[in-house]
Amino acid sequence: MLSVLAMPSVAWAHSGGAQGASCSGCHGTGEHEVVLMSSPSALQPGATVEITLRVEGSGNVAGIFVAPDGGGSVAPLPGQGMAQVGLGLTHTLPRSVSGGGASFTFAFEIPDSPGATRFSIASVLANGNGNSGGDQGDGHELDVVYGCEPQTYYRDFDGDGYGRETSPRVFCAGDAPQEYAATGDDCDDNRDTVHPGAVEFCNLRDDDCNGQVDDDAIPVEQYPDADGDGYYSPAEYRSGETFVGCVPTEGWAAEAGDCAENDETRNPGVEEVCNLFDDNCDGRVDERVRPTCGVGWCRRESNTCDAAGCTPGEPIEEICNLLDDDCDGFVDEDAPCDPGLACIAGTCREPEEPLPGGTDDTGTSAGDDGGVGDGSSTAAAETDAGASAAGGGGCAVQRSGPASLAVILILGVVRRRRLSA
């Protein structure tokens, strides 16, 4: 039994020999789909099957990175032009688009027990012109279930038994997995007091998710709010005074967490800015907002809010490791390998001959996509236009051997390796 659920998501990405946090941060976003097919179509625990992922949309060539989450393992098949990268697989040559798509086939070893596996996929449709202009990156998540009846559950971040409609996942039917719920109609999945059927309080919030605010509401207990920002201080910093009534009431607050009771600009509802203060009251100062400098291995964060106080790290010799070691904005360019080997996907490998549906070193099409093989049970993955590489990223042209790809991603995984000395 094969059940597939398609969901947009940020997935580990690869295009041209590097992995990162999504194709879209470098190539931009685009409206394209990924369809999953298996051969045989019925998935059984303990079996090894062929999975084909077909990237469908407008473009000249396509690339993909796929990794399993939740059980099982993936492996390249002979002659299919894919290579292992960590626990996932990437293409070693881009495939040309034919008939509206390009296909990538690999082996999937199913776990011995019934369950579900999510394939995290990053895909790119490119024009094959040797640079990233006009390319379309996307992230997808496809779930497969084996040995059991499938059921859709929803991510429940606040643990109130109600999940969010935008975060479904297929598992075996039965008890909901940890941090998931069987229903997806929570209207605020960051508050465990807000969900369908909850008590409606007089707090300017739709507690019971019925689309109405404070209908037949119960007054709430409030505490002194000296700065009027709507938040009160922790118990050890406030008096024993309380007030029962509706929000808002001047001088009182029903929301906890104020870390600066006399400063209305600092509370859990504001965004952190670089000013050497904990603005959002999460116990951290200037997290992720200080200036940075340098690229690749050399990227550093300033010790202050002044960009002039940031000093990049020292570059080192480039090696074949998916990182920008020499800090020139290129990944693995001219990385040394033994004679007869080429730097592909961060490893020195024997170059493969171009496949039907692959391209040569110039990005010129070498044929059609080679077909998609047998299989059934398809699912189209929607585009997450907001998906982007964590920490941003950039692209560069790179060639490291006859089978190398033309476009490299330099993404968050590279930039995060060393942010401080």
Side-chain angles (χ1 to χ4, degrees), residues 10 20-22 24-26 29 157-158 164 188-194 203-205 220-239 241-243 247-315 323-324 327 329 384-394 410-421:
V10 174
S22 167
S24 58
C26 184
T29 57
F157 285 93
D158 56 18
R164 55 179 68 184
D188 186 347
D189 200 31
N190 294 311
R191 298 177 185 271
D192 59 6
T193 59
V194 176
N203 54 10
L204 300 181
R205 187 182 302 126
V220 295
E221 188 173 38
Q222 302 181 54
Y223 299 89
D225 178 17
D227 56 18
D229 61 3
Y231 294 84
Y232 62 83
S233 300
E236 59 267 30
Y237 298 113
R238 64 176 187 263
S239 67
E241 298 177 89
T242 61
F243 167 79
V247 175
T249 298
E250 186 176 356
W252 300 89
E255 297 286 347
D258 199 337
C259 59
E261 59 181 356
N262 294 309
D263 185 350
E264 63 180 8
T265 66
R266 297 173 59 197
N267 60 66
V270 304
E271 292 186 5
E272 191 77 9
V273 296
C274 195
N275 57 9
L276 305 183
F277 289 103
D278 177 14
D279 301 289
N280 58 9
C281 297
D282 66 350
R284 298 175 293 173
V285 175
D286 295 344
E287 69 275 11
R288 298 185 298 276
V289 295
R290 291 191 180 180
T292 60
C293 58
V295 297
W297 172 269
C298 301
R299 191 180 185 213
R300 300 292 186 272
E301 184 180 76
S302 176
N303 292 323
T304 71
C305 294
D306 185 359
C310 184
T311 302
E314 291 294 326
L323 295 173
D324 177 15
C327 310
D384 180 4
S388 62
I410 305 168
L411 298 176
V413 68
V414 176
R415 293 189 168 189
R416 289 195 299 270
R417 183 177 179 186
R418 291 185 62 188
L419 293 183
S420 59

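Predicted model, so just to flag it, every value in this text is computed and none were measured.
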Exercise for review: Calculate, to the nearest 0.5 Å, the distance between atoms SG and CZ belonging to Cys293 and Arg299 respectively.
Suggested key: 9.0 Å

Check your understanding: Would the number of heavy atoms belonging to other residues, nucleotides or ligands and lying under 6.0 Å from CD of Glu264 be above 12?
Key -> no

Point to revise | Reference residue Arg284; test side chain to side chain donor-acceptor pair (under 3.5 Å); the match among Asp282, Asp286, Asn280 | key: Asp282

Check your understanding: Considering only heavy atoms from C-beta outward, does the side chain of Leu276 approach that of Arg290 to under 4.5 Å?
Key -> yes

Study note, to complete from the structure: Closest non-hydrogen atoms of Asp258 and Tyr231, given as atom of the first, atom of the second and distance, are OD2-O, 3.3 Å

Review point. Nearest heavy-atom pair of Cys274 and Pro291: which atoms, and what distance?
Key: SG-CD, 4.3 Å

Review point. Rounded to the nearest 0.5 Å, how far does CZ of Phe277 lie from CG of Asp263?
Key: 8.0 Å

Check your understanding: Which value, rounded to the nearest 0.5 Å, describes the distance between Trp252 atom CH2 and Glu241 atom CD?
Key -> 5.0 Å

Practice item. Give the minimum heavy-atom separation between Asn267 and Gly269, together with the two atoms involved. Key: OD1-N, 2.8 Å

Point to revise | Contact check, side chains of Val247 and Val220, non-hydrogen atoms, under 4.5 Å | key: yes

Study note, to complete from the structure: Closest heavy-atom pair, Ala256 versus Pro268, reported as atoms and distance to 0.1 Å, is O-CG, 4.0 Å

Point to revise | Smallest separation among heavy atoms of Arg266 and Asp278, with atom names | key: NE-O, 3.4 Å

Point to revise | Pairwise side-chain contact, Glu272 with Glu287, heavy-atom cut-off 4.5 Å (strictly under) | key: yes

Point to revise | From Asp188 atom CG to Arg164 atom CZ, the distance as rounded to the nearest 0.5 Å | key: 8.5 Å

Check your understanding: Looking only at heavy atoms, which two atoms of Asp192 and Asp158 are closest? And how far apart?
Key -> CB-O, 3.4 Å

Check your understanding: Quick one: are Tyr223 and Thr242 in side-chain contact, heavy atoms under 4.5 Å?
Key -> yes

